[in-house]
Amino acid sequence: MPELPEVEVVRAGLEPAVTGSLITDVDVLDERALTRHEKTHGDFAASLIGRRMLGAVRRGKFLWVPLDRMPLDRPPSDERDRALLIHLGMSGQVLLREPGIPGERHVRIRLVIEHPELGEFAVHFVDQRTFGSMAVDALVPTPDGAPGGVGHSATTVPSQVAHIARDPLDPAFDDAGFYRALASRRTTVKRALLDQSLISGIGNIYADEALWAARVHFDQPVATLSRPRARALLAEVRLVLQRALAEGGTSFDAQYVNVNGASGYFSHSLNAYGRQGQPCPRCGRPLLRATFMNRSSHYCGHCQRIRRPRTPQPPAP
DNA sequence: AGCGAGCCCTGCGCGC
DNA sequence: TGCGCGCAGGGCTCGC
């Protein structure tokens with residue numbers, strides 16, 4: 001449920017507190033929050049305590065905190081730089097709290113960090129549905145040599161993020177490559193928008209919103225999208241994400257990250273998602289809801305129709 | 001390659 | 001009042 005804008009709000013809120021902070025304590029209250037942590041990287045808590053955090057980086061819906069190297073010698077096989085990887089899943093939150101106060105209902109992991117100027121914080125990883133998780137992961141170089149994500153200049157990403165495409169707000173996102181992929185793939189457009197290995201950061205809500213804004217039907221085959229319509233769609237994707245980001249960016253205090261599922265999801269500005277039966281803001285006809293990919297698609301049956309290209313596509317070789 | 005199904009999980013809202 | 005069910009869905013694996 002947290003999509004790019006929500007995760008970016010978390011990243012931006014976390015950044016000033018974690019950058020330069022030392023991890024002094026780690027408490028794993030629920031092992032299910034470590035499903036992404038590979039034991040080959042050592043014990044989760046032990047590999048974090050004593051390390052300094054260098055920033056907060058995001059690609060799509062993935063968030064990570066690069067770590068400095070241990071002051072002590074390490075075996076050569078262990079020399080790779082590492083990061084604390086965070087995925088919020090469906091219901092995850094990262095909350096900055098004063099140390100020592102009792103945790104929220106679904107706190108899964110608690111870190112205590114010490115900032116050189118701001119002092120001590122508790123970082124609570126709260127997750128009701130436990131689809132989210134934290135992990136310590138090795139950083140690997142980006143194939144294109146550009147920064148791994150938004151928020152840090154290092155040209156690395158956690159190994160678990162290596163297959164995730166750049167997101168459309170990343171300056172290094174490859175527009176031309178995206179259009180080429182659309183032209184060559186035999187899939188449909190919403191499926192493509194949700195494919196994190198093609199374009200990342202988009203979930204069900206903003207997919208429906210961008211498709212509505214671009215007047216594209218969710219089940220349109222991507223290979224039949226004209227280049228201008230593909231351009232328009234990518235532009236609307238960016239607009240929808242930026243608009244949500246602008247709204248979310250004002251709803252949190254710089255020191256306390258608090259993005260919640262229900263109210264924090266910028267729901268008041270949605271045109272299509274969850275509005276089945278209500279009039280389309282553009283044409284007034286009732287919005288529809290269809291089941292697609294085991295989830296809901298919300299769309300306008302009048303504005304968003306499958307458009308076949310004028311000339312038939314050549315058969316695939 | 002691409003797609004459907006299944007799995008992980010909890011809270012909520014519904015019908016009976 | 002309460003029970004059981006369906007639904008919400010991100011990411012990943014498996015099998016076709």
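Proteins get letters first, then strands, A, B, ... in listed order; numbering begins at 1 in each.
Comparing C:dG9, B:dC3, C:dG11 by their closest approach to the side chain of A:Thr187 singles out B:dC3. The listed nucleotides are B:dT10, C:dG9, C:dC12; the one nearest the side chain of A:Arg295 is C:dG9. Checking B:dC3, C:dG9, B:dG2 against every side-chain atom of A:Arg191, the shortest atom distance belongs to B:dC3.
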So which protein nitrogen or oxygen atoms get under 3.5 Å of nucleotides 11-15 of chain B's nitrogens or oxygens?
residue	atom	partner	partner atom	Å
B:dG11	OP1	A:Arg105	NH2	3.3
B:dG11	OP1	A:His106	NE2	3.0
B:dG11	O4'	A:Gln128	OE1	3.4

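A:His37 has its NE2 atom 22 Å from the P atom of B:dC8, to the nearest Å. In this entry the distance linking CG of A:Leu194 with P of B:dG2 reads 15 Å, nearest Å. Atom C1' of nucleotide C:dC12 and atom NZ of A:Lys61 are separated by 13 Å, given to the nearest angstrom. In this entry the distance linking CZ of A:Arg186 with P of B:dA1 reads 11 Å, nearest Å. Atom pair A:Asp195:CG and C:dC12:P shows a separation of 11 Å (rounding to whole Å applied). One can place CZ of A:Arg108 at 10 Å from P of B:dC9, the figure rounded to the nearest angstrom.
If you check every strand for non-hydrogen atoms under 4.0 Å, A:Thr35 touches nothing.
With A:Asp167 contributing its side chain and A:Gly201 its backbone, the two residues share no donor-acceptor pair below 3.5 Å. Formation of a donor-acceptor pair under 3.5 Å by the A:Arg110 side chain with backbone atoms of A:Arg108 is not found in this model.
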> With Watson-Crick and G-U wobble geometry limited to distances under 3.5 Å, how should the secondary structure of DNA chain C be encoded in dot-bracket form, using | for bases paired to another strand and [ ] for crossing pairs?
Replying inline: .|||||||||||||||

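Between A:Phe121 and A:His115, the distance from one ring center to the other does not fall under 6.0 angstrom.
Classification of A:Asp175 and A:Arg231 as a salt-bridged pair fails, no side-chain N sitting under 4.0 Å from a carboxylate O.
In this model, a donor atom of one side chain and an acceptor atom of the other lie less than 3.5 Å apart for A:Lys190 and A:Ser297.
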